[in-house]
Protein chains: 2
Amino acid sequence: MKNKQDSLYVSTLARGLQILRAFDESHVSLSLTDLVARTGLEKSAVQRMAHTLHLEGMLDRDPKTRRFRPSHAWLELAYAYYWSDPVIARALPKLIEFSHAEGETINLAQMSGDHIIYSLRLPNQRIHFAASIVGRRLPALNTAAGRVMLSTRPDAEIDEVCANWPLVQATRKTLTDRDEIARSIKAARENGYCITRDQMLLNEISLAAPVRGTDGQAEAAVQISISGVAFDERQVLEKFLPTLLDTTAGILG
Amino acid sequence: MKNKQDSLYVSTLARGLQILRAFDESHVSLSLTDLVARTGLEKSAVQRMAHTLHLEGMLDRDPKTRRFRPSHAWLELAYAYYWSDPVIARALPKLIEFSHAEGETINLAQMSGDHIIYSLRLPNQRIHFAASIVGRRLPALNTAAGRVMLSTRPDAEIDEVCANWPLVQATRKTLTDRDEIARSIKAARENGYCITRDQMLLNEISLAAPVRGTDGQAEAAVQISISGVAFDERQVLEKFLPTLLDTTAGILG
DNA sequence: TTCGGAGTTATCATTATTTGATAACTGTGA
DNA sequence: TCACAGTTATCAAATAATGATAACTCCGAA
């Protein structure tokens, strides 16, 4: 980040990006002084960067409160992303079919460093907001989708990431024993799927299967969220696993 | 863009943004020389900006071809946008209900300058890719959603934008007569909805109704796309208008 | 295998641009 | 009415970006 001696690194641009990244789910609108606090930049720098981003259409500004907000341009960037990632176009029609068949919430997840990111979401019943919108990141080891994608990698790599990648304790039942997670990943390799319960949210069952690239490694995972009140894990497998595997197999084409 | 005498304008940041905006649906990956051609920047500037954006995680780079691509960070920005816009959270559960009830493709659209932008999409059957993903922009005057949002504005403004805003001729049946569009908008005000056919795509019927803010002006529009092969306009109104109006009314809460 | 050339990476002197400090302004609540 | 927190404007100093150019890589053709 703080790359010194890199003569090609343009720190002014990096500072501007810091402003954009200051916005997140708990910082939905920020004043100049908020931005100063969140970025650690000079007051003058923040003033200039925010002003420029506003003129360039990247930030909206409430004329009353003078606070900045993400603009529609942020969605246009997502649009460009969707076109650029070939997995998306291949997966989307299959996900729609799947969603239609099951009437449950279907997601496409991808690896993004040591997290997964949800890149497509088809919400089908009332779940909480964060679980309905794309772009959410979660630690890969905490999630069924992350584990099933890791399961397509060599053993050595699995042990390595299980030892080092971040974990969060999202619920009191979240699994944080790294050895057990490693075992869960290796079991996923045998099974071709991964199922979890109560990991990010209580009473949520999550079932995921990998979308394999030509080299056999996972490019993505299709994941389905089911209420743990209505079903137990065995029922979920019986009811949803076959269509899930059909879906992921179909995406390979 | 070419801002002179604005001492707060940081042109270096603006140049970096130009790199990001060079990517779109027909430019999904770009080499350095592509970027030079598309942005008109100096070769050296492009080299530095792209390098910085790569280090900052905003661009991925294919190690083989050396081409740049949008990164997952672009979806994270969309995530932040979704949290920041209060209409989204209010509309989403209602859209899910609506989508569930009708089994058709439902969208939330918002005004963005003289275009509309789709901010939520619940695709429910196979439609073309561009119509399934968020962030797409279309000239407001060409669309049912745009017209119905404009219909909540004063007459003077409607006449003004009808005279000046951009139009595209997307199909041979696209309406390009500006007076007729103005009449269509005023009719939408009387009706509380707008219906179009063959405007952006042949055999597509589009029905939209406004989501009104406290001042009565539209904050957004809910729009539904229906096959013009299976239904005619009268049938569409009969079948979908009541639930559409329920949906938009419900979002006001 | 060598060669040519397009495209990418690296270097550097020059100075235009950004910088950060500070002053002036604005509006809101006491 | 005042005080103050937050926002906007100004400016001299020099850092950090610039653009020209050179060196390097890689790929395909001969």
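In what follows, every chain begins at residue 1, and chains take the letters A, B, ... in the order their sequences are listed. Please read these numbers as outputs of a predicted model, since none were measured by experiment.
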In chain order, what residues pass the side chain to side chain contact (heavy atoms under 4.5 Å, CB included) check against [X], with sequence neighbours excluded?
{"X": "B:Ser11", "answer": "B:Tyr9, B:Arg15"}
{"X": "B:Arg153", "answer": "B:Met111, B:Leu150, B:Glu157, B:Trp165, B:Gln217"}
{"X": "A:Ser132", "answer": "A:Pro123, A:Ile127, B:Leu92"}
{"X": "B:Asp246", "answer": "none"}

Apply ring-ring contact (aromatic ring centres under 6.0 Å, His included) to [X] and list each qualifying residue two or more places apart in sequence or on a separate chain.
{"X": "B:Phe68", "result": "none"}
{"X": "A:Tyr82", "result": "none"}
{"X": "B:His72", "result": "A:Tyr81"}

Output the rounded distance in Å from [atom1] ([X]) to [atom2] ([N]).
{"X": "A:Asp62", "N": "D:dG6", "atom1": "CG", "atom2": "C1'", "result": "15 Å"}
{"X": "B:Leu59", "N": "C:dT8", "atom1": "CG", "atom2": "P", "result": "14 Å"}
{"X": "A:Asp6", "N": "D:dT18", "atom1": "CG", "atom2": "C1'", "result": "16 Å"}
{"X": "B:Leu41", "N": "D:dA20", "atom1": "CG", "atom2": "P", "result": "13 Å"}
{"X": "B:Met49", "N": "C:dT8", "atom1": "CE", "atom2": "P", "result": "17 Å"}
{"X": "A:His51", "N": "C:dT19", "atom1": "NE2", "atom2": "C1'", "result": "16 Å"}

Kindly give the atom pairs (protein nitrogen or oxygen, nucleotide nitrogen or oxygen) under 3.5 Å for nucleotides 7-14 of chain D.
{"residue": "D:dT7", "atom": "OP2", "partner": "A:Thr33", "partner atom": "N", "Å": "3.2"}
{"residue": "D:dT7", "atom": "OP2", "partner": "A:Thr33", "partner atom": "OG1", "Å": "3.2"}
{"residue": "D:dT8", "atom": "OP1", "partner": "A:Arg66", "partner atom": "NH1", "Å": "2.4"}
{"residue": "D:dT8", "atom": "OP2", "partner": "A:Arg61", "partner atom": "NH1", "Å": "3.3"}
{"residue": "D:dT8", "atom": "OP2", "partner": "A:Arg61", "partner atom": "NH2", "Å": "2.8"}
{"residue": "D:dA9", "atom": "N7", "partner": "A:Gln47", "partner atom": "NE2", "Å": "3.0"}
{"residue": "D:dA9", "atom": "N6", "partner": "A:Gln47", "partner atom": "OE1", "Å": "3.2"}

Identify which one of B:Gln110, B:Lys94, B:Glu219 satisfies the side chain to side chain contact (heavy atoms under 4.5 Å, CB included) criterion when paired with B:Val211.
B:Glu219
Determine: side-chain N/O of B:Thr12 to OP1/OP2 of C:dT17, distance under 4.0 Å, yes or no.
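Checking C:dT17 against B:Thr12, no side-chain N or O comes under 4.0 Å of OP1 or OP2.
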Phosphate contact (C:dT17 OP1 or OP2) by B:Ser11 side-chain N/O below 4.0 Å:
no
Using the benzene-type ring in the case of Trp, are the ring centres of B:Trp83 and A:Phe129 under 6.0 Å apart?
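Ring-ring flag for B:Trp83/A:Phe129: true, centres closer than 6.0 Å.
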Per the end-axis method with five pairs at each terminus, what is the bend angle of the helix from C:dT1-D:dA30 to C:dA30-D:dT1, to 10°?
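End-to-end axis angle: 40°.
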Acceptor/donor pairs from residues 136-149 of chain B side chains to any protein atom, 3.5 angstrom cut, sequence neighbours excluded:
{"residue": "B:Arg137", "atom": "NH1", "partner": "B:Ser112", "partner atom": "OG", "Å": "3.1"}
{"residue": "B:Asn142", "atom": "OD1", "partner": "B:Val168", "partner atom": "N", "Å": "2.8"}
{"residue": "B:Asn142", "atom": "ND2", "partner": "B:Val168", "partner atom": "O", "Å": "3.0"}
{"residue": "B:Thr143", "atom": "OG1", "partner": "B:Ala140", "partner atom": "O", "Å": "3.0"}
{"residue": "B:Thr143", "atom": "OG1", "partner": "B:Gly146", "partner atom": "N", "Å": "2.9"}
{"residue": "B:Arg147", "atom": "NE", "partner": "B:Leu141", "partner atom": "O", "Å": "2.8"}
{"residue": "B:Arg147", "atom": "NH1", "partner": "B:Ser184", "partner atom": "OG", "Å": "3.4"}
{"residue": "B:Arg147", "atom": "NH2", "partner": "B:Leu141", "partner atom": "O", "Å": "3.1"}

Within the sub-3.5 Å range, which N or O atoms of nucleotides 26-29 of chain C have a protein N or O partner, and how far apart are they?
none

Could you list all the salt bridge (Lys or Arg N to Asp or Glu O under 4.0 Å) pairs where at least one residue sits in residues 24-45 of chain B, not counting sequence neighbours?
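Only B:Asp24-B:Arg38, B:Asp34-B:Arg67 qualify under salt bridge (Lys or Arg N to Asp or Glu O under 4.0 Å).
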